[in-house]
**Student:** 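The structure under discussion is supplied below as structure tokens; questions concerning it will follow.
From a predicted model like this one, the values you see are computed outputs, not experimental measurements. The first residue in the sequence is number 1, and the count goes up from there.
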Amino acid sequence: MTVPHHALEITLTRPLSASALHRAARELTLAANHDATRLMAVVPAKTPHAAARRLRHRLGARLPIDVITTHYPAADHTVLLNVAFPPATHAALTADARRAHQSLERFVEWALHRALAKHADQEIDRLDQVVRELLTHTTPAYLLSALGHALTRLPERPTP
């Protein structure tokens with residue numbers, strides 16, 4: 001039976017030196033971005049969760065790992081987020097999760113969803129204010145035309 005491989009992205013708390021990257025790459029094949037603050041690895045494991053745990057176990061002592069994520073979304077469009085909290089933070093979150101009658105994972109997932117929704121609402125409000133300010137100096141038709149023109153000149157990049 002073939003074990004699936006999972007593409008994982010590692011976000012580091014600080015850039016790696018060339019020698020530190022070389023030492024870590026002896027443990028597991030890694031690809032680094034231009035400033036060695038983000039790495040990619042392919043890890044064999046039955047599940048993405050097991051792959052992230054295996055990666056953290058193998059490289060956690062060698063690298064200043066902040067977050068490990070799956071590089072490709074799952075079939076349900078979710079991305080695994082693997083974070084190792086400091087002991088005090090972990091204890092506080094565990095206590096809060098117990099009070100909410102939830103597992104730690106579910107509690108953190110719920111808090112993250114709330115924070116992302118709040119951020120999205122704030123961004124919509126900010127853009128609404130900017131558009132209203134722009135409309136004090138032009139017509140909706142000109143603004144829409146200018147927006148379309150600007151969007152067609154953006155460099156190729158993924159949309160969130």
Side-chain angles (χ1 to χ4, degrees), residues 4-18 20-21 24-25 28-43 45 47-49 51-53 55-56 59-60 63-86 88-90 92-94 96-97 99-160:
H5 288 66
H6 303 276
L8 300 175
E9 184 170 345
I10 306 163
T11 304
L12 303 172
T13 59
R14 61 178 167 73
L16 286 181
S17 66
L21 179 59
L28 185 69
T29 303
L30 299 169
N33 70 335
H34 69 284
D35 64 356
T37 57
R38 294 170 65 175
L39 308 172
M40 290 293 300
V42 177
V43 180
T47 66
H49 190 265
R53 272 196 326 261
L55 176 65
R56 190 173 291 280
L59 295 177
L63 298 176
I65 296 174
D66 190 18
V67 177
I68 299 171
T69 61
T70 47
H71 186 65
Y72 299 107
D76 62 354
H77 306 288
T78 59
V79 173
L80 175 72
L81 182 66
N82 178 289
V83 180
F85 294 112
T89 303
H90 189 274
L93 286 170
T94 300
D96 289 345
R99 280 193 290 281
H101 305 290
Q102 295 179 340
S103 68
L104 176 60
E105 292 79 13
R106 176 58 80 190
F107 182 78
V108 170
E109 180 182 359
W110 178 74
L112 183 60
H113 280 282
R114 273 195 1 205
L116 290 172
K118 181 179 178 181
H119 172 74
D121 288 346
Q122 289 171 340
E123 184 65 2
I124 289 168
D125 289 345
R126 183 188 71 79
L127 290 172
D128 185 56
Q129 290 175 350
V130 169
V131 168
R132 287 178 189 280
E133 173 62 26
L134 288 170
L135 286 171
T136 63
H137 303 289
T138 191
T139 66
Y142 282 134
L143 180 59
L144 188 58
S145 175
L147 180 61
H149 184 73
L151 289 175
T152 60
R153 294 178 178 260
L154 288 177
E156 286 293 320
R157 62 181 173 176
T159 51

**Student:** Keeping the roles fixed (side chain from T152, backbone from H149), state whether a donor-acceptor pair exists under 3.5 Å.
**Tutor:** yes

**Student:** If I compare all heavy atoms of D66 with all of R56, which pair ends up nearest, and what's the gap?
**Tutor:** O-NH2, 3.9 Å

**Student:** Look up atom CZ in F107 and atom CG in D96, then write down how far apart they are to the nearest 0.5 Å.
**Tutor:** 4.5 Å

**Student:** Measure the spacing between CG of D121 and CG of L116 and express it to the nearest 0.5 Å.
**Tutor:** 11.0 Å

**Student:** Can you check whether T29 reaches V42 side chain to side chain, under 4.5 Å on heavy atoms?
**Tutor:** no

**Student:** Kindly indicate whether the side chain of L39, heavy atoms from C-beta on, has any atom under 4.5 Å from the side chain of L21.
**Tutor:** yes

**Student:** Please evaluate residues V130 and E133 with respect to the criterion side-chain contact (heavy atoms from CB on, under 4.5 Å), reporting the C-alpha separation (whole Å), side-chain torsions for both, the decisive distance (0.1 Å), and the verdict.
**Tutor:** CA-CA 5 Å; V130 169; E133 173 62 26; 5.7 Å; no

**Student:** Quick one: are P48 and L8 in side-chain contact, heavy atoms under 4.5 Å?
**Tutor:** no

**Student:** So which heavy atom on L55 is nearest to which on A41, and how close?
**Tutor:** CD1-CB, 4.3 Å

**Student:** Looking at every non-hydrogen atom in both residues, tell me the closest pair between L30 and L63 and how far apart they are.
**Tutor:** CD1-CD1, 4.5 Å

**Student:** What is the minimum heavy-atom distance between N82 and A52, and which atoms define it?
**Tutor:** ND2-CB, 3.8 Å

**Student:** Going from CZ on R106 to NE2 on H101, what distance comes out if it is rounded to the nearest 0.5 angstrom?
**Tutor:** 16.0 Å

**Student:** Find out whether T94 and H90 are in side-chain contact, i.e. whether some heavy atom of one side chain is under 4.5 Å from a heavy atom of the other.
**Tutor:** yes

**Student:** Within this structure, what is the CG-CD distance for the pair N33 and E9, rounded to the nearest 0.5 Å?
**Tutor:** 8.5 Å

**Student:** Flag the pair L112 / E109 as yes when at least one side-chain heavy-atom distance between them is below 4.5 Å, and no otherwise.
**Tutor:** no

**Student:** In Å, rounded to the nearest 0.5 Å, how long is the span from NZ of K118 to CD of Q122?
**Tutor:** 5.5 Å

**Student:** Does the structure place the NZ or CZ of R114 under 6.0 Å from the centre of the six-membered ring of W110, at an angle of no more than 45° from the ring's axis?
**Tutor:** yes

**Student:** Measure the NE2-CD1 distance between H119 and I124 for me, rounded to the nearest 0.5 Å.
**Tutor:** 10.0 Å

**Student:** Which atoms form the tightest heavy-atom contact between M40 and A7, and what is the distance?
**Tutor:** CE-CB, 4.4 Å

**Student:** Please report the shortest heavy-atom distance between L81 and T69, naming the atom on each side.
**Tutor:** CD1-CG2, 3.6 Å

